[in-house]
Protein chains: 2
Amino acid sequence: MKIDPNSSADLSAQIAQAIKDAIVEGRLIVDERLPSEAELADQFQVSRPTVREALKRLAAQSLIRTQRGAFGGAFVNRISFEDAYSQQITTSTLLLSMNAVSFDTACEARFALERACAPLSAQRRSPDHLATMRAEIVRQSQPGLSDESFCASDVTFHRALVDGAGNPVLSYQLAGAVEAMQPLMNMITFTARSREVIVGLHTRIADAIEARDAAVADAALVELTTYTMTLKDSVMAARAAARGTLSG
Amino acid sequence: MKIDPNSSADLSAQIAQAIKDAIVEGRLIVDERLPSEAELADQFQVSRPTVREALKRLAAQSLIRTQRGAFGGAFVNRISFEDAYSQQITTSTLLLSMNAVSFDTACEARFALERACAPLSAQRRSPDHLATMRAEIVRQSQPGLSDESFCASDVTFHRALVDGAGNPVLSYQLAGAVEAMQPLMNMITFTARSREVIVGLHTRIADAIEARDAAVADAALVELTTYTMTLKDSVMAARAAARGTLSG
DNA sequence: AGACTTTTAAATGTCAGACAAATAAAATGT
DNA sequence: ACATTTTATTTGTCTGACATTTAAAAGTCT
């Protein structure tokens, strides 16, 4: 592992990259201990604070974990699905909140992913997944339910549908989209008060998944997509009208 | 923004989290300048190296960028698709290489995503996307092409197919899966020498996308999926047999 | 001998102060 | 008005030190 002291990049960034490469290329394996900060400083011919900045960069990406004390140090981390989830959620949330992605694009991606999961879920869902979906539908049907709870239940329902596919990669990829869209989805649900339609579609989806009928599930998801986009458009229009009133 | 000095977590981690929260919640907006390191050290009642470690953590996640010199400092970064891409690729690669995900799972997710893109691509693909796909098919048909080039061309082809959908979220999500699977896909292509079948399927896909026929494209993708899994199984079996020979 | 306690060495976490290098604004000179 | 120099500010890096944590090693008691 070598770095170029004449490069324009920060030394800590270069060191982080060198170690990252070593991990990705398998020269450092899971749970292997990195040299101590002092040793790394020696190897790379930099000071310890510089090494530490590099290690913090790696820790921020869950590539390593550190442990204090004798026989402690930095260890190559086995990345977990939890890590992948939270990274995905952060990235998706920022992409949306910073307007790098429109709501339409995120929505389309979300439902496209969900439709991709549905056939797998119809095939593999456990009774547990099905039970979760049914339970959430019951909850969503209760008249006294708060808007917040309805939205949370909605997330749980779709989560169960996706998890039913038994593919954690698809699950964690979707998690980002769903989580990032949550604020706007909440607003849609709050204002539009469209629970009956949504519950109806959820029921159709659950029925299809129970009957292992991918086609029907897909059709219901398409309807839900269309419906969501319609609601979103009306909410946006209402917003624009409100702005017009204020400024006029 | 406050931190708890009595918490068990590192101060730099707490500070990074506090700033991250401020960004995600919109209290710090894109291109806004953070206080200087000295000021942050003052605010959080810690030393400058500690603040710097926190800032490096954020920089590693592309949440901020730093600039030296007068009127330089740390600025909230508008996260780009390139950032999202590379993060996704790193995460996916590690999940696969550390055996947190099986090849089957990654493969399934990849083709499920690709099938989700195909109908959109059939609808929206530009002549440019189509031209890229055709060009790659021509390249793949050349007898003298090296294995490496064939694989690279394969990636470009699928990339064009997915980009044709015009949804950057789907594009960057798929990038991770494709990139992470690359090493094993290479091995499959190298050993199995199955170019004719693959080129044939690619042609069918391109034809379908050109004709805006989502159903045919989907069918061809399903075949490609099945074929890939078959090849992978035979490669694995050959590997296992080779191991048996050595150990027996 | 075995179980418990104390010591110790090694490592990360944190701090203080300093200097180098970059950079853009401000001051200066032509 | 333009070009050059100066200057203040800020990040990047280094040195050296101390605090804290931790597990192994040594010691002690029963």
Side-chain angles (χ1 to χ4, degrees), chain A residues 1-20 22-23 28 31-77, chain B residues 1-20 22-23 28 31-77:
Chain A
M1 289 196 291
K2 287 278 162 56
I3 58 170
D4 171 18
N6 299 322
S7 162
S8 62
D10 296 352
L11 290 176
S12 69
Q14 290 181 59
I15 293 168
Q17 188 61 50
I19 298 176
K20 181 174 174 176
I23 294 174
L28 289 170
D31 291 335
E32 186 171 339
R33 183 182 173 280
L34 271 64
S36 73
E37 296 173 353
E39 287 174 297
L40 287 171
D42 247 25
Q43 278 183 33
F44 287 112
Q45 289 284 299
V46 298
S47 66
R48 193 157 82 94
T50 303
V51 167
R52 282 183 61 81
E53 286 178 11
L55 293 179
K56 294 312 158 202
R57 293 177 117 109
L58 298 174
Q61 299 174 274
S62 304
L63 285 168
I64 62 169
R65 61 179 186 279
T66 55
Q67 221 172 348
R68 291 176 72 169
F71 298 79
F75 298 83
V76 178
N77 211 13
Chain B
M1 289 195 291
K2 287 277 163 57
I3 58 171
D4 171 18
N6 300 321
S7 163
S8 63
D10 296 354
L11 291 175
S12 69
Q14 290 181 59
I15 293 168
Q17 189 62 51
I19 298 176
K20 182 174 175 176
I23 294 174
L28 289 169
D31 291 334
E32 186 172 339
R33 184 182 173 281
L34 270 63
S36 74
E37 295 174 353
E39 285 174 297
L40 286 171
D42 245 26
Q43 278 183 32
F44 286 113
Q45 288 284 300
V46 298
S47 66
R48 194 158 83 94
T50 303
V51 167
R52 281 183 61 80
E53 286 178 11
L55 293 179
K56 295 312 158 201
R57 293 178 116 109
L58 299 174
Q61 299 175 273
S62 303
L63 285 167
I64 61 168
R65 60 179 186 278
T66 55
Q67 221 173 347
R68 288 175 76 168
F71 298 79
F75 297 83
V76 177
N77 211 13

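Only this structure's heavy atoms are used, side chains among them; waters, hydrogens and symmetry mates stay out. Sequence lines set the chain letters: A, B, ... in the order given, protein chains first and strands last, and positions in each chain run from 1.
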Checklist entry - What about R68(A), does its side chain sit under 3.5 Å from the base of dT20(D) through a donor-acceptor pair? => result yes
Checklist entry - Could you state the CG-C1' distance from L55(A) to dT14(C), rounded to the nearest angstrom? => result 15 Å
Checklist entry - Would you say the base of dG12(D) and the side-chain of R48(B) have a donor-acceptor pair closer than 3.5 Å? => result yes
Next on the checklist: Rounded to whole Å, how long is the line connecting atom CG of L11(A) with atom C1' of dA22(C)?
Outcome noted: 15 Å
Checklist outcome for this item: Side-chain atoms of F71(B) come closest, of dT15(D), dT11(D), dA24(C), to dA24(C)
Checklist outcome for this item: Ranking dT14(C), dT12(C), dT13(D) by distance to the side chain of S47(A), first place goes to dT13(D)
Checklist entry - For L58(A) and dT12(C), what is the distance between atoms CG and P respectively, to the nearest whole Å? => result 14 Å
Checklist entry - Does a nitrogen or oxygen in the side chain of T50(B) sit under 4.0 Å from OP1 or OP2 of dC15(C)? => result yes
Item to check | Atom pair distance, as rounded to whole Å: CZ in R52(B) and C1' in dT10(D) | outcome: 10 Å
Next on the checklist: Using side chain to side chain contact (heavy atoms under 4.5 Å, CB included), reason through L34(B) and I19(B) one step at a time and then give a plain yes or no.
Outcome noted: CA-CA 9 Å; L34(B) 270 63; I19(B) 298 176; 3.9 Å; yes
Item to check | Flag side-chain contact, heavy atom, 4.5 Å: I64(A) against L55(A) | outcome: yes
Checklist outcome for this item: Comparing nearest nucleotides in DNA chain D, the 5'-proximal residue of the pair Q67(A), E53(A) is E53(A)
Checklist outcome for this item: From CG of L40(A) across to C1' of dT12(C) the rounded distance in Å is 12 Å
Item to check | Nearest-Å distance for atom pair CG/P, residues L34(B) and dT9(D) | outcome: 19 Å
Checklist outcome for this item: Heavy atoms of P35(B) and L40(B) approach each other most closely as O-CD1, 3.6 Å
Checklist entry - Looking for any heavy atom pair under 4.0 Å, which part of the strands does R33(B) touch: base, sugar-phosphate only, or nothing? => result sugar-phosphate
Checklist entry - How many Å lie between CZ on F75(A) and P on dT22(D), as a whole number? => result 12 Å
Next on the checklist: Measuring from atom OG1 of T50(B) to atom NZ of K56(A), what distance do you get when rounded to the nearest 0.5 angstrom?
Outcome noted: 10.0 Å
Item to check | 5' precedence on DNA chain D between D10(A) and A70(A) (nearest-nucleotide basis) | outcome: D10(A)
Checklist entry - Rounded to whole angstroms, how far apart are CG on D42(A) and P on dA11(C)? => result 12 Å
Item to check | Side-chain ion pair, R65(B) and D31(B), N-O less than 4.0 Å | outcome: yes
Checklist entry - Between T66(A) and dA11(C), does any side-chain N or O lie under 4.0 Å from OP1 or OP2? => result no
Checklist entry - Between S12(A) and dG12(D), is there a side-chain N or O to OP1/OP2 distance below 4.0 Å? => result no
